[in-house]
2 protein chains.
Amino acid sequence: MVVKPITVHNLHKQVVHELGRLIVAGELKPGENLPREELLAEQMSVSRTALREAIKVLSAKGLIESRQKTGTRVRDPIYWNQLDADVLGWRCASMPTESFVEKLVEMREIIEPAAAAAAARRRTTAQLASLKEAYEAMAAATDLDAWAVADLSFHERLLRAANNELMSSLFSVIETALGTYFRLSARNASNFNVALPQHLKVYEAVQRKQPEVARQAMIKMVGDSRNNIRRRARKPTRS
Amino acid sequence: MVVKPITVHNLHKQVVHELGRLIVAGELKPGENLPREELLAEQMSVSRTALREAIKVLSAKGLIESRQKTGTRVRDPIYWNQLDADVLGWRCASMPTESFVEKLVEMREIIEPAAAAAAARRRTTAQLASLKEAYEAMAAATDLDAWAVADLSFHERLLRAANNELMSSLFSVIETALGTYFRLSARNASNFNVALPQHLKVYEAVQRKQPEVARQAMIKMVGDSRNNIRRRARKPTRS
DNA sequence: CCAAGTGAAATTATAATACAAAATAGTTGC
DNA sequence: GCAACTATTTTGTATTATAATTTCACTTGG
């Protein structure tokens, strides 16, 4: 295995994650001001340059807002780009609350059946082959990690096969949902025995170009995930 | 009316839009390198500082990627944050292609009925009142601009009433879709006579907490928009 | 006392410069 | 021919200085 060398570069990216995490975790509350740039840069041991680049990125994600004289303050969550992969990641950095998991599942229930139907209508031959490949990787998986990777890949390829790049961009949501699913659900082989044929049903419907069959199969799949999570998720730590 | 003073500030934001537009419009193609920072800064008459802040923002949106020695290159569109409000805006800056409009409509068909149903289930009293307010603004609208603003507001409030911030964040898509709809559709009062009662039906279903009624009403509304656009949209300019 | 204007102060915005680090390409020695 | 070293190019970071904007206190005229 090739290990990536530790780099002191991309400092601004580290700052983005540090501050992003703090904000999303609620340690920096909406309306609250960040320390002024010079001070904050010193506190984080980076130059004002790197800090400012991070601030611009977080502004682009809607988390903060800078104004002269006033300073930089955390914006109300309604302005956050909640679908941004980083923002989703930060929300899951700590144990996600039950309500957040519920929202993720709801999004899956909306997106994935529609994507499956669209894929069944519009998928190309190459996309079908790509999907089959992912399914076979799932079937061949011997350990949990391999399964998780293949599963994620299957759902990504299905979304791509819908041939609507706006839908594909929602993969960040599916990815986050599946990620928390794997963290929360039990680690036993019996789940596979249920999940694998469900994926096969979706695949076959896409192959045969049967949108409604694909939709129903996916509804069933996501519904089962929901039940699986519900039984195991814990109450939110606060609020 | 208060006019905002013209400012030479937020230069980096202007650079973001300039480059973003160029990339999304395809004038800078995927795989292609941007001029190196020093040069590009000079060409755009900004400092390297401002340019770099813009580059970081565009990187966060997935449009470009920087590496030492190699330079900064445009990424493949599959990596773009297609749901980002700016990216959507840049795609519509030029006349949107027929296929893009179709994709927007498809997204509406997936999101809005689900949102209407969820709102009917979970809306608060305050959210219902807010929705009513928007509906009444639509009913009271005398000119097209007022109508467009109120219409947009109605759809935004409906999304918020679903009480799932991930869904709310999809408003950027709805906004873009409605924006192109207003640009492409005929400007006559007869549309209102059809659209207004459709919005009322959605509102009433949300009021009465009837998810399936709300869903069906919304499916009808979006479907009619689709037909309205389809008859008027033109073929793509190229490809 | 109040209104409007005025100026000082605080903070971000921009610029310019210097140097560091990484990745590539080229070059040399074997 | 290949490996190791070296040079070069480009982005990454740091530092400093100055500009622009907005707020807020203060003044001044009524």
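Reckoned from all heavy atoms, side chains included, excluding hydrogens, waters and symmetry mates. Quantities reported herein were computed from a predicted structural model and do not represent experimental measurements. Every chain is numbered from 1, with letters handed out A, B, ... down the list of sequences.
Checked by distance alone, A:Thr49 brings a side-chain donor or acceptor within 3.5 Å of a matching partner on the base of D:dT15.
Separating the CZ atom of A:Arg73 from the C1' atom of D:dT22 is a distance of 12 Å, rounded to the nearest angstrom. We find that CD of A:Glu38 is positioned 11 Å from C1' of D:dT16, with the value rounded to whole Å. In this structure, CD of B:Glu42 is placed 14 Å from C1' of C:dA15, rounded to the nearest angstrom. As a whole-Å value, the separation of A:Leu51 CG from D:dG12 P is 17 Å. What separates CG of A:Asn10 from P of C:dA22 is a distance of 10 Å, to the nearest Å. The distance from atom NE2 of A:His12 to atom P of D:dA14 is 12 Å, rounded to the nearest whole Å. Atoms CG (A:Leu40) and P (C:dT11) sit 13 Å apart, rounded to a whole Å. Atom CG of B:Leu11 is separated from atom C1' of D:dA19 by 12 Å (rounded to the nearest Å).
At least one side-chain nitrogen or oxygen of B:Ser47 sits closer than 4.0 Å to the OP1 or OP2 atom of C:dA15. Contact annotation: B:Lys69 does not reach the phosphate of C:dA21 (side-chain N/O to OP1 or OP2, under 4.0 Å). Remark: A:Arg36 is not in phosphate contact with C:dT12, judged by side-chain N or O atoms under 4.0 Å from OP1 or OP2. Side-chain N/O atoms of B:Arg48 include none lying less than 4.0 angstrom from OP1 or OP2 on C:dA15.
The A:Gln68 side chain lies nearest to D:dA20 when the options are D:dT13, D:dA20, D:dT11.
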Please walk me through it: do B:Leu131 and B:Arg123 pass side-chain contact (heavy atoms from CB on, under 4.5 Å)? CA-CA 10 Å; B:Leu131 192 63; B:Arg123 57 82 179 167; over 6 Å; no
Step by step, would you call A:Arg108 with A:Ile174 a side-chain contact (heavy atoms from CB on, under 4.5 Å)? CA-CA 6 Å; A:Arg108 279 194 71 190; A:Ile174 310 298; 4.0 Å; yes
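Nearest-nucleotide assignment on DNA chain C puts the 5′-proximal partner with A:Thr70, out of B:Glu53 and A:Thr70. Comparing B:Gly71 and A:Lys13 by the nucleotide of DNA chain D that holds the closest heavy atom to each, the one mapping nearer the 5' end is B:Gly71.
A:Arg67 comes within 4.0 angstrom of the backbone, heavy atoms only, and of no base.
Crowding of B:Glu42 atom CD: a count of heavy atoms from other residues, nucleotides or ligands under 6.0 Å not exceeding 12. Within 6.0 Å of the CD atom in A:Glu32, the count of heavy atoms belonging to other residues, nucleotides or ligands exceeds 12.
Side-chain contact of A:Gln127 with A:Arg122: a donor-acceptor pair under 3.5 Å is absent, judged by distance alone.
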